[in-house]
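Residue numbering restarts at 1 for every chain, and letters A, B, ... go by the order of the sequence lines.
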Number of protein chains: 2
Amino acid sequence: MDARSLKQFVNLSDCLHFGRASEASHVSPSALSRSIKRLEDELGVDLFERNNRSVSLTHAGRLFLNYARDTLGDWDAIRNKLMEESGELRGEVSMYCSVTASYSFLFEILTRFRRDHPHIEIKLHTGDPEDAIPRVLSGEEDISIGAKPQNLMAGLAFKLIAVSPLVFIEARRKKGQIHSGNAQPEAEEWAGKPMILSERGLARRRVDQWFRALGVQANIYAQVAGNEAIVSMVSLGLGVGVVPQIVLDNSPLADTVRVLDIKPALEAYEVGLFTLEKKLASPLINALWSQLK
Amino acid sequence: MDARSLKQFVNLSDCLHFGRASEASHVSPSALSRSIKRLEDELGVDLFERNNRSVSLTHAGRLFLNYARDTLGDWDAIRNKLMEESGELRGEVSMYCSVTASYSFLFEILTRFRRDHPHIEIKLHTGDPEDAIPRVLSGEEDISIGAKPQNLMAGLAFKLIAVSPLVFIEARRKKGQIHSGNAQPEAEEWAGKPMILSERGLARRRVDQWFRALGVQANIYAQVAGNEAIVSMVSLGLGVGVVPQIVLDNSPLADTVRVLDIKPALEAYEVGLFTLEKKLASPLINALWSQLK
DNA sequence: TTTAATTATTGCATAAAACGCATCATTATA
DNA sequence: TATAATGATGCGTTTTATGCAATAATTAAA
């Protein structure tokens, strides 16, 4: 019995799926499978009824779940109590953000945090920015960086880091190259312009809304995963793209594209931190949270 | 945090001595030292104030001790609850006895126990029979096999396995060899007989009492550690020895010595199991305990 | 009924952790 | 000052845990 195994057990109890629970626990499915098996061997009872298609708690598993929750709570409690004693925070916080966000915001956030709390370990995971909120909601990560959605779901806390306009970009004309068409196209012209957009995500939804509001049918040339790829395609002259300004600020291709001053502007990206409100009770997470602004 | 480390921590808190606590935990002092260090690192506080000569709990250590005791209790509780569920006992029991006792009694006890409870692991440790009671009292072992002392200390439970007379032995005369002296010597003769005795232990105390009661001064030829060694020396004709009958029953030298019928006889050895009374509440220990007789 | 897809488990090689032994450093005792 | 006691530490070995790839079992689709 150790806190790690218990957490893994609770994670599996919550989602009843080895694959997902193993992600939530940041281990491979095989490691989780063995962990659970170890627990079952140690206790001498099966905790889960499982075949290759379904997982469910046994009666013993339900009893043990109560125990595990309590024990993890106690463990947190004593650790917090002793941290107060020592006046120094210590432990680990898991964090999730896109690679872009890690370039833009993370360094600044973490350098100060590391100085103030050298014994809080940050476990950073990067990936699709769209997963920022789901990962926090599922408990897979303590904190994530992402764009604030239209409406925040209950229990989710958000803290603004920066506002970055969502801008239209096109390839910067090479010297001597003739500009074909208007620099500030009218709505009607959009129907003709090939657009390069995120295949999904907040930026995409904003753009879709924008076109809908204008009553214009977009001519979508490419749907791309990742803002960097949009910049890249736009710089090749394949069409007009939409990315947050912050992406341009950190892009090596920034000077190969130019920002179009289009009205009405897209609603700006509000980039910030997400966490579960209840997690703000944790001194560790609170330390990171309240450091900002 | 795992049950093992917590138990080690509690053991050290109890005796405040790495060497002894490591024995109680059945690990080397270095392993214990590292274990405690691991805990301290994990928690970020010192649990013990220690220099090379003294160990004491810090304030944080006292807080953590409460936590550790509770957590170990909860762990025991859930394990017991789940064991009830499964109807099958599982876990481990530590046991201590002399090598002699392991030959004489252990096989019989354990074969049946293993059949009835195949998932209870017995951790057997052997050594000086005199340590049987101290080891149980200190909590170092759950159960031990040994001889019942004059008076049992409070809290200690005893269960008789066998009664074995404490007998005087001398070398069996070889065929044709002339017997020098009386087969049943009178008290006065003892003063002349060279005695081979345990250097300590219950048998030795009984023999000392016996001589004192007779008002005779023993002529001690050799003080030996271990009953087997006594049999061996006696069989070589070096003197008269005193051993429990059970030792002869299991000795390869048994037919090289003979038992003297001496009055008054020494009080018999009552060999049995020891455990702390409070430990009988544990289903595992109770299973072993109540299996007998 | 057959095929494909999903998913928990397991064999195997590797990596990490724990352990014991011997040694060291420190401190009390004689 | 010398000696004994005792907790920490370097180092080589053993044990344990992990991830990857392959497997087996089950459901859904064709």
Could you state the atom-to-atom distance from CG of A:Asn51 to P of D:dT27 in whole Å? 6 Å

Please report the C-alpha distance between B:Val224 and B:Glu199 in whole Å, then the side-chain angles of each, then the deciding distance to 0.1 Å, and finally whether the side-chain contact (heavy atoms from CB on, under 4.5 Å) criterion is met. CA-CA 5 Å; B:Val224 178; B:Glu199 60 184 359; over 6 Å; no

Mind calculating the distance between CZ (B:Arg20) and C1' (D:dT6) to the nearest angstrom? 10 Å

Any salt bridge (Lys or Arg N to Asp or Glu O under 4.0 Å) pairs touching residues 7-32 of chain B, not counting sequence neighbours? B:Asp14-B:Arg69

With sequence neighbours left out, what residues match B:His17 under ring-ring contact (aromatic ring centres under 6.0 Å, His included)? none

Can you list every pair that meets salt bridge (Lys or Arg N to Asp or Glu O under 4.0 Å) and has a residue in residues 79-106 of chain A, with sequence neighbours left out? A:Asp76-A:Arg79, A:Glu88-A:Arg90, A:Glu92-A:Lys123

On the 0 to 90° scale, with breaks at 30° and 60°, tag the B:Trp75-A:Tyr67 ring pair as parallel, tilted or perpendicular. tilted

Roughly, in whole Å, what's the span from CG in B:Asp46 to C1' in D:dA8? 14 Å

List in chain and number order the residues that pass ring-ring contact (aromatic ring centres under 6.0 Å, His included) with B:Phe48, two or more places apart in sequence or in another chain; answer none if no residue qualifies. B:Phe9

Specify the separation, in whole Å, of atom CG of B:Leu47 and atom C1' of D:dA8. 16 Å

At under 4.0 Å between heavy atoms, which parts of nucleotides 13-20 of chain D does protein reach? Answer with one letter per nucleotide, 5' to 3': B base, S sugar-phosphate only, - none. ----SBBB

Segment of DNA chain C, first to last nucleotide, that comes within the 4.0 Å heavy-atom reach of chain A: C:dT6 to C:dC12

Rounded distance (Å) that lies between atom P of D:dT6 and atom CG of B:Leu16: 13 Å

Side chains of B:Pro118 and B:Phe113, heavy atoms from C-beta outward: is any pair under 4.5 Å? no

So, applying side chain to side chain contact (heavy atoms under 4.5 Å, CB included) with B:Leu276, which one of B:Ile143, B:Leu137, B:Ile285 is it? B:Leu137

